[in-house]
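On a predicted model such as this, the values are computed, not experimentally measured, just so you know. Both backbone and side-chain heavy atoms feed into the values below; hydrogens, waters and symmetry mates do not. If you read the sequence from its start, that first residue is 1, and numbering goes on from there.
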Amino acid sequence: MPIILLLSLLIAPARAADLSSVVNAAVLRSPAAAEARARRKSADAAGREVTRSRLPRLSAAGSFTRSDDPLFSFGSLLQERRVTQADFDPARLNRPGYKTAVHGTLELGVPLFTGFELTRAAELAELYGREADAWGGAAAQGVRLRAVTSYVARLEDRDLLAELDERLKSAATAIERAERLRRQGLVLGSDHQAALAILSGLRARRAQAAAEKSAHDAELSALLGAAAPDAAGTLGAWAPPVEDDAALVSAALAARPDLRVAGLRREQAAVRVRGADAGLSPVVDAFAALETSDDGLGSGAAAARRIGVRASVPFGDPAYFARRARARADADAQQDARASLEDAVRGEVLARAAGVRGLGAVAPELDESLARARQSLDEVRPLYREGRQSVMEVLRAEEAVAKLVEARLDARRRLRADWAALRAAEGRLDDEAIMTLGRSLEDAR
């Protein structure tokens with residue numbers, strides 16, 4: 001389904017797209033999410049490598065040697081099973097001349113005991129895979145947050161530009177009438193200049209809003225890898241669901257991907273501590289080998305067979321205690337890193353929750369202020385036409401409405417963006433949260 005959405009955005013970028021479609025397309029295209037998937041594949045391959053390392057391993061070795069060493073020469077004859085009575089002649093034993101020997105070995109080895117190294121490697125591979133999944137979740141949430149922020153900003157840009165265009169059109173009509181009256185000497189020059197200054201300010205704000213829209217379009221296009229589609233919906237009134245502080249912190253400590261990563265790294269450090277403690281354990285394997293020798297000149301070859309069990313012990317390793325100390329220090333550091341991150345998460349969640357609640361409390365005041373400003377504008381226009389108010393008062397009323405519309409749009413945009421940031425701080429900016437945001441835009445139409 002996300003692939004179809006992405007293709008539809010690429011083929012028809014001019015068509016309005018809802019929030020869920022845009023967010024899903026951004027996540028699907030995200031290089032960060034692709035990196036996490038590649039890391040998961042790497043961890044899975046590491047797990048398969050460990051499993052297959054327990055199986056018998058076949059290896060081959062070969063050598064080509066030429067020497068006049070007496071021991072080498074006689075030993076080669078013994079390996080080739082070609083010793084004769086003449087080879088015991090002292091002159092021949094002492095000065096055998098140069099001899100060429102070709103040796104080949106085919107060996108089958110089976111690990112019997114590796115000091116639990118393979119067990120630890122399997123545990124680490126599994127932990128690396130879970131870490132990759134956690135980073136993938138964090139990357140997806142980061143992309144979702146950026147997409148939501150850009151999407152609602154573009155809604156604000158669209159509605160603000162429409163409001164400014166309306167205010168500019170209305171203000172220009174009042175200015176034209178004032179121009180006619182000024183030529184007749186019925187409008188004070190100072191009032192006229194003040195009105196023109198307000199009109200210029202509205203035009204400058206309109207140009208700034210258009211530039212901000214271009215910036216937000218570019219940001220969303222970069223996330224999608226294609227031209228950003230028009231945003232569907234409206235920034236209407238909305239009361240976001242916000243739990244109490246204790247529930248928010250508890251959810252964040254349980255769901256934050258970076259906290260899961262910190263916990264997994266702590267487990268990885270514990271595995272490495274066990275590996276350092278077992279650094280003096282023996283390594284045992286069984287083997288069966290087939291050895292061949294040939295003088296390189298004739299076709300007669302000899303073969304010898306060897307089977308056995310061998311063990312090695314790193315007895316007296318001077319770096320053993322330093323290696324153990326390093327592993328334990330790393331484990332302590334991972335533990336402290338997790339605790340530090342928990343403190344940061346608590347602070348972030350509580351601060352964002354307070355911000356969302358504050359924006360929710362401001363919304364009714366902004367609605368009332370805007371309603372009064374619109375009423376004032378509706379009342380001052382007929383008074384101006386009757387000559388009982390100056391054009392400057394009309395422009396001031398137009399400016400007040402424009403500013404309050406912008407303030408309300410900004411608060412509604414921030415309410416949604418900050419709520420998304422709060423859910424991301426909890427580690428719960430998932431598809432359900434995106435659908436909740438999308439419904440808030442649909443309900444406002």
Side-chain angles (χ1 to χ4, degrees), residues 2 5-6 19-47 124-152 219-220 222-225 242-243 247-270 330 333-353 355-356 416-438:
L5 294 174
L6 180 59
L19 178 62
S20 294
S21 299
V22 171
V23 170
N24 288 337
V27 171
L28 179 66
R29 186 258 173 195
S30 169
E35 177 189 358
R37 291 192 294 270
R39 291 185 181 277
R40 177 71 213 198
K41 291 180 180 178
S42 174
D44 291 342
L124 287 174
E126 195 269 337
L127 291 172
Y128 290 148
R130 290 163 57 190
E131 180 181 343
D133 291 340
W135 275 128
Q141 292 200 65
V143 174
R144 289 191 187 102
L145 180 57
R146 291 173 58 195
V148 167
T149 302
S150 297
Y151 190 92
V152 296
E219 183 177 4
L220 189 56
L223 283 175
L224 297 175
V242 180
E243 301 167 294
L248 291 173
V249 170
S250 177
L253 294 179
R256 278 278 290 242
D258 51 352
L259 281 175
R260 291 205 300 272
V261 169
L264 290 168
R265 289 182 174 175
R266 183 178 57 189
E267 293 182 43
Q268 294 166 15
D330 181 61
Q334 295 298 338
Q335 177 70 27
D336 294 337
R338 161 88 187 194
S340 176
L341 185 56
E342 286 181 357
D343 290 342
V345 167
R346 290 188 183 93
E348 181 183 1
V349 169
L350 295 177
R352 292 197 179 281
V356 171
R416 289 165 170 84
D418 287 4
W419 185 79
L422 172 61
R423 290 298 294 256
E426 295 178 72
R428 297 193 299 166
L429 186 57
D430 49 18
D431 293 337
E432 179 185 354
I434 298 301
M435 291 177 62
T436 300
L437 283 168

inquiry  = Working to the nearest 0.5 angstrom, can you tell me the gap between Arg416 CZ and Thr149 OG1?
reply    =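 These two atoms lie 13.0 Å from each other.
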inquiry  = Just verifying a value: how many Å separate Leu224 CG and Ser30 OG, rounded to the nearest 0.5 Å?
reply    =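 Here the interatomic distance stands at 11.0 Å.
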Shortest non-hydrogen contact from [X] toward [Y]:
X	Y	result
Pro257	Ala134	CB-O, 3.3 Å
Arg37	Leu28	NH2-O, 4.3 Å
Val152	Ala417	CG2-CB, 4.3 Å
Val345	Ala252	CG1-CB, 3.6 Å
Ala139	Ala32	CB-CB, 3.8 Å
Val148	Ala420	CG1-CB, 3.9 Å

Residue pairs involving residues 138-148 (criterion salt bridge (charged side-chain N to carboxylate O under 4.0 Å, His left out); sequence neighbours excluded) =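 Listed once each, the pairs are Arg144-Asp431.
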query = Are any side-chain N or O atoms of Gln141 and backbone N or O atoms of Gly427, one a donor and one an acceptor, separated by less than 3.5 Å?
reply =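 The answer is yes, because a donor-acceptor pair under 3.5 Å joins these two groups.
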Does the side chain of [Y] come within less than 4.5 Å of [X]'s, by heavy atoms?
X	Y	answer
Val242	Leu248	yes
Trp419	Thr436	yes
Leu223	Arg29	no

Applying salt bridge (Lys or Arg N to Asp or Glu O under 4.0 Å), name anything that partners [X], two or more places apart in sequence or on another chain.
X	answer
Glu348	Arg256, Arg352
Arg260	none
Asp418	none

message = For Gln334 and Arg265, which I'm curious about, is there any donor-acceptor pair between the side chains at under 3.5 Å?
response =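 Distance-only check fails for Gln334 and Arg265.
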ask   = Under 3.5 Å, is there a donor-acceptor pair linking the side chains of Gln268 and Glu131?
value =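 Side-chain D/A pair, Gln268 to Glu131: present.
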inquiry  = Ile434 and side chain to side chain contact (heavy atoms under 4.5 Å, CB included): which single residue from Val27, Asn24, Val23 fits?
reply    =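 The residue from Val27, Asn24, Val23 that satisfies side chain to side chain contact (heavy atoms under 4.5 Å, CB included) with Ile434 turns out to be Val23.
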request  = Enumerate the residue pairs fulfilling side chain to side chain donor-acceptor pair (under 3.5 Å) with a member in residues 38-47, sequence neighbours excluded, ordered by first and then second residue.
outcome  =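 Only Glu35-Arg39, Arg40-Asp44, Arg40-Asp133 qualify under side chain to side chain donor-acceptor pair (under 3.5 Å).
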request  = For Ala262, check side chain to side chain contact (heavy atoms under 4.5 Å, CB included) against everything at least two apart and list the hits.
outcome  =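 Expected list: Arg338, Leu341.
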